[in-house]
Asks: 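Below you'll find the structure I mean.
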Amino acid sequence: MIPNKTEDPISVAYRIYRSLGIFAILGTIVVGALHLRLFKNSAFPHLGEAEQHFAGALGFALPTVLAAHASNRRPILSYEGSLPNLDGATAWFNSAQLNPKSLRGKVVLVNFWTYSCINSLRALPYVKYWAAKYQSSGLVVIGVHTPEFSFEKEPGNVQASLHDLNITYPVPLDADYRIWHAFDNEYWPAFYIIDAKGEILYHQFGEGNYSESEQVIRELLRQNGATNLDADPVGFSASGVEAPPNQDIASPETYIGYHLAERFASPGRLAHNSPKSYSPPAKPRLNQWGLSGTWIDGAESAVLQLSIGTIVFRFHSRDLHMVLGPTKDGKPVRFRVKLDGVTPGVNCGSDSAPDGTGVVREYRLYQLIRQKDQIADRTFEIEFLDPGVQAFSFTFG
């Protein structure tokens, strides 16, 4: 059964089980496999070196081997099943509904993503490039948008994000996770490559391995009769929120809604679904955060109740992002950010000015800090100047 995010947006109960067995048989040592299982209900943290996004709440066991980064090994193609039906979407954008029959004879790339996920956004330049480069050679790219937060279920929000991100290939809105389940998928982002006979022959979970994925696309296109393919795979650098992450990251994705909130450091506990006045932590340690002002902290987000409210986070990374939304009736909310108590200057992000000012106008991920200075433990502060802002999570890069 699909979790009802509207009633319980990010209800989570997760357990991690790890076992390692070593047995001696006839003098030979066999090392047992590492097993990992994660359960969640509707919001799922980004984990691993590439911070790939797992969705174990849907009752799946995570694979033992996690996503690899770029490698020089030859891609191994193996049959992983047939392309499932794509009839579970609640809406289709940029295309009429597609299905295995209509896609027969085409090489297909299915990308599971969601528009507020930094990991999904960092993979988009490659997906968009492949869609444009290989369309005339017989490639069809399908971006299955499976929501993390409830606002990502809204067709209007998704359509606006496609316009802003310049995505023109077919995108089904998988609001009820039916396509996700049909693929037995567990990750944001995830990539499945299907040959012209409708057989899934390759997958990539999480960020990375872009050259290998492109090799697979090109090989399957050749097998399908494509000629005159360019010799060189994709080679470019993205900017803004789509830029690759810095390697010096010591801060994890952090949720503000109480169901997944961790390392909250303001005096007292988070009050669930009721107004409470908070004061900021005096000296937050690395990855601790806190609130100031009057907020209602719900399962999915915190909502500011009065003018002037602040969120503080002690972090270590090049980039700091927040997933934010305007007031529930759509009014914009002004903000001002500081880094170690002063305006960010050259360290501002794409959604904040050097003086720290900015405006929340729509539901999305906002890049608030991109450090040009040496990366170190720093204290981030965002002050909201209007009531009603909705704060969902922090991510880093």
Asks: Taking C-beta and beyond as the side chain, do Ile311 and Phe394 meet within less than 4.5 Å on heavy atoms?
Replies: yes
Asks: Is the backbone N or O of His272 less than 3.5 Å from a side-chain atom of Asp297, with the two atoms forming a donor-acceptor pair by type?
Replies: no
Asks: Quick check: do Leu162 and His145 have side-chain heavy atoms less than 4.5 Å from each other?
Replies: no
Asks: With the 4.5 Å side-chain cut-off for hydrophobic clustering, are Val303 and Phe384 part of the same group?
Replies: no
Asks: Can you check whether Val389 reaches Trp295 side chain to side chain, under 4.5 Å on heavy atoms?
Replies: yes
Asks: Donor-acceptor pair, Glu300 side chain versus Ser150 backbone, under 3.5 Å?
Replies: yes
Asks: Would you say Asp174's side chain and Arg178's backbone share a donor-acceptor pair under 3.5 angstrom?
Replies: yes
Asks: Quick check: do Ser352 and Tyr366 have side-chain heavy atoms less than 4.5 Å from each other?
Replies: no
Asks: Using atom types as modelled and distance alone, determine if a side-chain donor or acceptor of Ser317 lies under 3.5 Å from a backbone N or O of Ile249.
Replies: no
Asks: Mind checking whether Ser301 and Leu324 have side chains closer than 4.5 Å, heavy atoms only?
Replies: no
Asks: Walk me through whether Gln305 and Ile296 qualify under side-chain contact (heavy atoms from CB on, under 4.5 Å).
Replies: CA-CA 7 Å; Gln305 300 302 293; Ile296 293 179; 3.5 Å; yes
Asks: Any chance CD of Gln135 has more than 12 other-residue heavy atoms, nucleotides or ligands included, within less than 6.0 Å?
Replies: no
Asks: So Leu86 and Asn99, do their side chains get closer than 4.5 Å, heavy atoms only?
Replies: no
Asks: Can you name the nearest heavy-atom pair linking Asn287 to Ala250, along with the distance?
Replies: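 Scanning both residues completely, I find the closest heavy atoms to be ND2-O, 3.0 Å.
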Asks: If only atom types and distance count, is the side chain of Asn111 paired as donor or acceptor with the main-chain N or O of Val141 below 3.5 Å?
Replies: no
Asks: Of the options Phe264, Tyr278, Tyr255, which is the one that meets Trp289 in a ring-ring contact (aromatic ring centres under 6.0 Å, His included)?
Replies: Phe264
Asks: Could you report the tightest heavy-atom contact between Ile200 and Leu83, atom names first, then the distance?
Replies: CG1-N, 4.2 Å
Asks: Under the 3.5 angstrom rule, does the side chain of Ser213 hit a backbone N or O of Asn209 as a donor-acceptor pair?
Replies: yes
Asks: Between Gln204 and Tyr210, does the side-chain contact (heavy atoms from CB on, under 4.5 Å) criterion hold? Intermediate values first, please.
Replies: CA-CA 9 Å; Gln204 163 65 30; Tyr210 300 116; over 6 Å; no
Asks: Does the pair Arg364 and Ser116 meet the rule for a side-chain hydrogen bond (donor to acceptor under 3.5 Å, both in side chains), with working shown?
Replies: CA-CA 5 Å; Arg364 63 177 176 87; Ser116 75; over 6 Å; no
Asks: When you measure from the side chain of Lys372 to the backbone N and O of Val346, does any donor-acceptor pair fall under 3.5 Å?
Replies: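 It does hold such a pair.
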Asks: Under a 4.5 Å side-chain heavy-atom rule over Ile, Leu, Val, Met, Phe, Trp and Tyr, are Val312 and Tyr258 clustered together?
Replies: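 As far as the 4.5 Å side-chain criterion goes, Tyr258 and Val312 are not connected within one cluster.
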Asks: What do the steps show when you test Glu152 against Thr114 for side-chain hydrogen bond (donor to acceptor under 3.5 Å, both in side chains), and what is the final call?
Replies: CA-CA 8 Å; Glu152 292 172 303; Thr114 186; 2.7 Å; yes
Asks: By salt bridge (charged side-chain N to carboxylate O under 4.0 Å, His left out), which residues pair with Arg222, not counting sequence neighbours?
Replies: Glu219
Asks: Is the backbone N or O of Asp386 less than 3.5 Å from a side-chain atom of Arg334, with the two atoms forming a donor-acceptor pair by type?
Replies: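 Checked: no pair found.
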Asks: Between Glu262 (side chain only) and Leu260 (backbone N and O only), is there a donor and an acceptor less than 3.5 Å apart?
Replies: no
Asks: Go through the side-chain N and O atoms of Asn185 and Tyr192 and say whether any donor and acceptor fall under 3.5 Å apart.
Replies: yes
Asks: Can you give me the closest heavy-atom contact between Pro344 and Val337, atom names plus distance?
Replies: CD-O, 3.5 Å
Asks: With side-chain contact (heavy atoms from CB on, under 4.5 Å) as the test, would you mind laying out the steps for Asn347 and Asp373 before giving the verdict?
Replies: CA-CA 7 Å; Asn347 296 313; Asp373 299 336; 2.8 Å; yes
Asks: Output the distance between atom CD (Gln159) and atom CG (Asp164), rounded to the nearest 0.5 Å.
Replies: 11.0 Å
Asks: NZ of Lys276: more than 12 outside heavy atoms within 6.0 angstrom?
Replies: yes
Asks: Once rounded to the nearest 0.5 Å, what's the spacing between atom CG of Leu304 and atom OG of Ser292?
Replies: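 Taking CG in Leu304 and OG in Ser292, the distance rounds to 9.5 Å.
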Asks: Could you give the distance from SG (Cys348) to CZ (Arg370), rounded to the nearest 0.5 Å?
Replies: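 With rounding to 0.5 Å, SG (Cys348) is 11.0 Å from CZ (Arg370).
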Asks: Out of Trp113, Trp180, Phe112, which one pairs with Trp188 under the ring-ring contact (aromatic ring centres under 6.0 Å, His included) rule?
Replies: Trp180
Asks: Testing the basics here: between Pro280 and Pro267, what is the closest heavy-atom pair and its distance to 0.1 Å?
Replies: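 Smallest interatomic distance, heavy atoms only, reads O-CD, 4.1 Å.
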Asks: Taking all heavy atoms of Lys128 and all of Asn166, pick out the closest pair and write down the distance.
Replies: CD-O, 3.6 Å
Asks: On a heavy-atom basis, which atom in Pro326 and which in Lys331 lie closest, and how many Å separate them?
Replies: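 Reported closest heavy-atom pair: CB-O, 3.1 Å.
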Asks: Answer yes or no: is there a donor N or O on one side and an acceptor on the other, between the side chain of Gln367 and the main chain of Gly349, under 3.5 Å?
Replies: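 Checking the backbone N and O of Gly349 against the side chain of Gln367, no donor-acceptor pair under 3.5 Å is found.
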Asks: Do Glu362 and Asn157 touch side chain to side chain, with heavy atoms closer than 4.5 Å?
Replies: no
Asks: To the nearest 0.5 Å, tell me how far Gln97 CD sits from Asn85 CG.
Replies: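 Output value for this atom pair is 9.0 Å.
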Asks: Before we go on, tell me: are the rings of Phe151 and Phe392 under 6.0 Å apart, centre to centre?
Replies: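 Yes, ring centres under 6.0 Å apart.
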Asks: Flag yes if more than 12 heavy atoms outside Arg263 fall under 6.0 Å of its CZ atom; otherwise flag no.
Replies: yes
Asks: Output the distance between atom CG (Leu286) and atom OG1 (Thr379), rounded to the nearest 0.5 Å.
Replies: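 OG1 of Thr379 is found 9.5 Å from CG of Leu286.
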Asks: Hydrophobic cluster membership, with links at side-chain heavy-atom distances under 4.5 Å among I/L/V/M/F/W/Y: are Tyr177 and Trp92 in one?
Replies: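 Tyr177 clusters together with Trp92.
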Asks: Please report the C-alpha distance between Tyr126 and Glu214 in whole Å, then the side-chain angles of each, then the deciding distance to 0.1 Å, and finally whether the side-chain hydrogen bond (donor to acceptor under 3.5 Å, both in side chains) criterion is met.
Replies: CA-CA 9 Å; Tyr126 299 91; Glu214 186 168 2; over 6 Å; no
Asks: Within the supplied structure, the quantity of interest is the number of heavy atoms (other residues, nucleotides, ligands) at a distance under 6.0 Å from His163 NE2; does it exceed 12?
Replies: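 Counting neighbours around NE2 of His163, 12 or fewer heavy atoms of other residues, nucleotides or ligands fall under 6.0 Å, so no.
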Asks: Please report whether the ring centroid of Phe313 lies less than 6.0 Å from that of Phe396.
Replies: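 Yes, the ring centres sit under 6.0 Å apart.
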Asks: Would you say Tyr129 and Ile217 are hydrophobically clustered, going by side-chain heavy atoms of ILVMFWY under 4.5 Å?
Replies: yes
Asks: Are Leu201 and Ile194 packed together at the side-chain level, in the sense that at least one heavy-atom pair is separated by less than 4.5 angstrom?
Replies: no
Asks: Does a sphere of radius 6.0 Å around CG in Asp329 hold more than 12 heavy atoms from other residues, nucleotides or ligands, not counting ones at 6.0 Å or beyond?
Replies: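 Yes, the 6.0 Å shell around CG holds more than 12 heavy atoms from other groups.
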Asks: Start with the C-alpha distance between Phe335 and Leu368, add both sets of side-chain angles, then the distance that settles side-chain contact (heavy atoms from CB on, under 4.5 Å), and finish with yes or no.
Replies: CA-CA 10 Å; Phe335 65 79; Leu368 302 174; 3.7 Å; yes
Asks: Can you hop from Leu339 to Ile375 via hydrophobic side chains spaced under 4.5 Å?
Replies: no
Asks: Quick one: pull up CG in Leu229 and CG in Leu221 and give me the separation to the nearest 0.5 Å.
Replies: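 Result: 6.0 Å between the selected atoms.
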Asks: Got more than 12 heavy atoms from elsewhere within 6.0 Å of NZ, Lys101?
Replies: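 Incorrect, the count does not exceed 12.
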